[in-house]
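A note on names: the letters A, B, ... follow the listed sequences, proteins ahead of strands, and every chain is numbered from 1.
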Amino acid sequence: MQWEVIIGLEIHIQLLTKSKIFSESPVCFGYNANTQINPFDLALPGVLPVLNKKAVEYAIKFGLAINAKISPYSIFVRKNYFYPDLSKGYQISQLELPLIKGGNILFPIEEKKQKIKWGSTEIVQAHLEEDAGKLLHKNYSDKTGIDFNRAGIPLLEIITQPSMHSAQEAVSCAKSLHSLVMWLGICDGNMQNGSFRCDVNISIKKINKNEYGTRNEIKNLNSFRFMEEAINYEINRQIKLLENNNIIVQETRRYDPDIKKTILMRKKENSKDYRYFPDPDLPPLFISDKWVKYIKSTIPELPNVIRERIIANYNLSEFYAIKLTQSKKIAYFFENSIIHSDISKIKLLIRWLIKEIIPKINQNNDINDLPITPIQFSLLLKRIFDGTISNKIAKDIFFIICKEKSLDPGIVDHIIKTNKLYQISDSSILEKIVDTVLSTNSKLIKEFYSGKKQAINALIGKAIKLSNNKANPVKLSEI
Amino acid sequence: MNRLYSCSRHFLNKTRLLSTSNTSRYFSSKHNVEPKAESPEPKSSDKVVLDDSTVTLLERLSLVNFGSEKSKAILEDAIKFADKIHNVNVDNVKPLINVLDKEWSTPCRDDVVQMENSTQDVKMNTKHVEEDYFVAPPSNVPLHQETNKKK
């Protein structure tokens, strides 16, 4: 039997505000339990919510970036449930009249090696709500420990159409949303700390049938790898159930990465069970055109625009253009280093960026904290082009600059000069090195003459090592 | 916190202002406005009967154990009483989201942190705190149908 997989995503992103969405306590991570709270977060008598303007602004920013409709009139509702993670007994959320409606997100799918196909998913809505507290069951037998530090952190819940058909598509869509919200500066994207959490809805139907299957939801996936594993496991689980003539019950499940299985959390409540109703403490939210226009003017140039520009200007493939625009920091670094560099050597620059610089840049989320300045980087490359230093020595210099965190563009030449790292291209010195290597490696020479062509590379490697990485490999192989 | 309180005061004033206008009786708590019902009382034959699965669902959602047939009967009575609302004709009536609808956008505050209360103040009325965590009964413990039937 042929089955079709239908996947929709619900993504919660924590907005990067300083204070919570309805109270003035701080938004921060990693503090002692219940230290970042005020009476509102505990729902003490007499407190009322007051909306954080920045949270609304960030939500609108996201809406504009995905070409959505910004509702001029939206309302907050209470989602009622008895669970100790929110002391009010309800969560303030949005349902039927959300702030953001529609829009769509494009995502790249790597079909073959370096061949890109673009997928697209419509966004149903994105709405504001408050995060809940964290519960701790481990250390408390028959009791629950509650930490309300997280309660009230502004969340934007993004709901996509169920229009994806594989784990690869779903993960790629989530990755695109992840890089977009970080690009806009509205979320730090830290999945480990729960700033970006994915819920996945999966259902299976027979191919060519219009009737959808019962969906199951996998909650709180906080890594893209787990997301892919969880979706693939869930697809197989549902297909097996259906092939054995079992029925699928609507459930909320979670993924356990240790046993690589999804586990039942609870039978799914339907929306009636939450008794949604408009929050009487919060009048409707009106958004003026003037405000939207202002927010639009603060949106940075988006990755797709930069991608098109660098493809046109530097004749790059889409694959590399996507790599170079995976974050605002990387795109900024690329565009600023290319203007100081020789465009004819762009291949070397990109190889260096992808292999050395991008992994370093990705280690740190801070937009201003670069491992090396674009000018230093272009000077370093220049020294490789003009033969002053070898590629290997350049890597060593790069690590020294990363450590020293100097902004001085002269540091590249300074390091070369003080450590005497010049590449050896003088034939007479190189010949001496080659002689030493040849005299001590008779086995490799025999292998070379018996037809093993790779033996020559091993010999060159030994010569480079002998010269402390300073020997010019091109000249060496000539000799 | 002052902001929160001042905001709430502001709203109270606003409501009071509205209540002094000629539409006052719709906003005042002293006037009971009876909904215009087409048939105010449901017929006696419309007796509400709750089946076991609905009772279990309600128990799970509210974390309240109905316990006896008597409390179930009270609930059924309450539902019957509230069901009157279905008799109100709301054709062509736009739902009112808030009494300040169309008149007042929810006020927004700037994104500024203010911690006027110390953590100790916030926790001073709490009986059970262990290592900074509030301690509550076990959460989300489902009431199984079988155990209910035994009762």
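- Summarising the geometry, atom OG belonging to Ser62(B) is positioned 12.0 Å from atom CG belonging to Asn80(A); distances are rounded to the nearest 0.5 Å.
- Other residues, nucleotides and ligands contribute only 12 or fewer heavy atoms inside 6.0 Å of the CG atom of Asp289(A).
- Residue Val122(B) touches chain A through both its backbone and its side chain, counting heavy-atom pairs closer than 4.5 Å.
- Residues Met115(B) and Pro26(A) approach most closely at SD-CD, 3.4 Å, considering heavy atoms.
- With contacts defined as side-chain heavy-atom distances shorter than 4.5 Å, the pair Glu24(A)/Val113(B) does not qualify.
- A donor atom on one side chain and an acceptor atom on the other are not found under 3.5 Å apart for Thr17(A) and Asp111(B).
- Lys143(A) has its side chain out of reach of His128(B): every pair of non-hydrogen atoms, C-beta onward, lies at least 4.5 Å apart.
- Within the 3.5 Å criterion, the main-chain N or O of Leu282(A) finds no donor-acceptor partner in the side chain of Thr106(B).
- Taking the side chain as every heavy atom from C-beta outward, Pro284(A) and Asn98(B) approach each other to under 4.5 Å.
- For chain B, the nearby part of Leu42(A) is the side chain; its heavy atoms alone come within less than 4.5 Å.
- Rounded to the nearest 0.5 Å, atoms CG (Asp279(A)) and CD1 (Ile97(B)) are 11.5 Å apart.
- Closest heavy-atom contact between Asn34(A) and Lys123(B): O-NZ, 3.9 Å.
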Side chain to side chain contact (heavy atoms under 4.5 Å, CB included) between Leu61(B) and Phe82(A), intermediate numbers included: CA-CA 7 Å; Leu61(B) 292 177; Phe82(A) 262 122; over 6 Å; no
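- From Leu57(B), atom CG reaches atom CG of Asp273(A) across 5.0 Å, with rounding to the nearest 0.5 Å.
- The distance from atom OH of Tyr133(B) to atom CG of Asn32(A), rounded to the nearest 0.5 Å, is 8.5 Å.
- When heavy atoms are compared at a cutoff of 4.5 Å, Lys134(A) does not approach chain B at all.
- Contact annotation for Glu57(A): neither backbone nor side-chain heavy atoms come within less than 4.5 Å of a heavy atom of chain B.
- Contact of Phe277(A) with chain B is not made at all, since no heavy-atom distance falls under 4.5 Å.
- In this structure, Cys108(B) SG and Asn52(A) CG are separated by 8.0 Å, a value rounded to the nearest 0.5 Å.
- The CD1 atom of Ile21(A) sits 9.0 Å away from the CZ atom of Arg109(B) when rounded to the nearest 0.5 Å.
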